[in-house]
Amino acid sequence: MIGHLILRLSIWFLLTANVSLTNIIIGVIIALLLPRGKSSPEKLKAWLKVIIKIIITIPLAFIEAFEIILRPHNQEEIIMEKVKLNRSPLLVFIDIFLITFTPKTIVLKYHEEGWYEVHQIKPGR
């Protein structure tokens, strides 16, 4: 609670560039009245896995881009990828972003039942 108050007051002072007593009172009132966003606590293990996946995905995207340039990819398929259980909306967003970040794949749809519908291209024969 105090951390949110300090953050909001800091943003308020940066926006107004005024540290007078009235501005401090107004800033505290606004900081207290603004609703707190709902945040679900994520497990550290899940975040570490996502960070490792990000580190792996960036070079993979460059490799796939060069593969598309050097060899034609004219075969397409739609596959279903399973979503890991108990994923928060933020982690689902990051998963979708990482799948779409690579040039050969794009997420077409997220199914609430726990599946990503992914369009993927493959090299031709």
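Computed from a predicted model, the values in this text were never measured in an experiment.
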**Prompt:** Which of these, Glu67, Glu64, Glu76, sits in a salt bridge (charged side-chain N to carboxylate O under 4.0 Å, His left out) with Lys104?
**Reply:** Glu67
**Fill in**
The single option from Glu117, His119, Met80 that satisfies side chain to side chain contact (heavy atoms under 4.5 Å, CB included) with Lys109 is Glu117
**Message:** Donor-acceptor pair, distance only, cut-off 3.5 Å: does the side chain of Trp12 make one with the backbone of Val28?
**Reply:** no
**Request:** Look at the side-chain heavy atoms of Ile, Leu, Val, Met, Phe, Trp and Tyr, link any pair under 4.5 Å apart, and say whether Leu98 and Val92 land in one connected group.
**Result:** no
**Request:** Look at the side chain of Thr100 and the backbone N and O of Phe97, then say whether any donor-acceptor pair between them is shorter than 3.5 Å.
**Result:** no
**Asked** Between atom CG of Leu9 and atom CD1 of Ile26, what is the distance when rounded to the nearest 0.5 Å?
**Response** 12.0 Å
**Complete:** So CG of Leu90 and CG of Asp95: to nearest 0.5 Å the spacing works out to 9.5 Å
**Request:** Taking the side chain as every heavy atom from C-beta outward, state whether Glu81 and Trp115 have any atom pair closer than 4.5 Å.
**Result:** no
**Message:** What I'd like to find out is whether the side chain of Tyr116 reaches to under 4.5 Å of the side chain of Ile79, using heavy atoms alone.
**Reply:** no
**Request:** Applying ring-ring contact (aromatic ring centres under 6.0 Å, His included), name anything that partners Phe62, two or more places apart in sequence or on another chain.
**Result:** none
**Item:** Nearest heavy-atom neighbours spanning Pro103 and Ala65
**Value:** CG-N, 3.8 Å
**Request:** Any chance you could lay out the side-chain hydrogen bond (donor to acceptor under 3.5 Å, both in side chains) test for Ser20 and Asn18, step after step, and finish with the verdict?
**Result:** CA-CA 6 Å; Ser20 66; Asn18 183 359; 3.3 Å; yes
**Complete:** To the nearest 0.5 Å, atom CZ of Phe101 lies from atom CG of Leu60 at 9.5 Å
**Message:** Given 3.5 Å as the limit, does a donor-acceptor pair link the side chain of His73 with the main chain of Arg71, or not?
**Reply:** yes
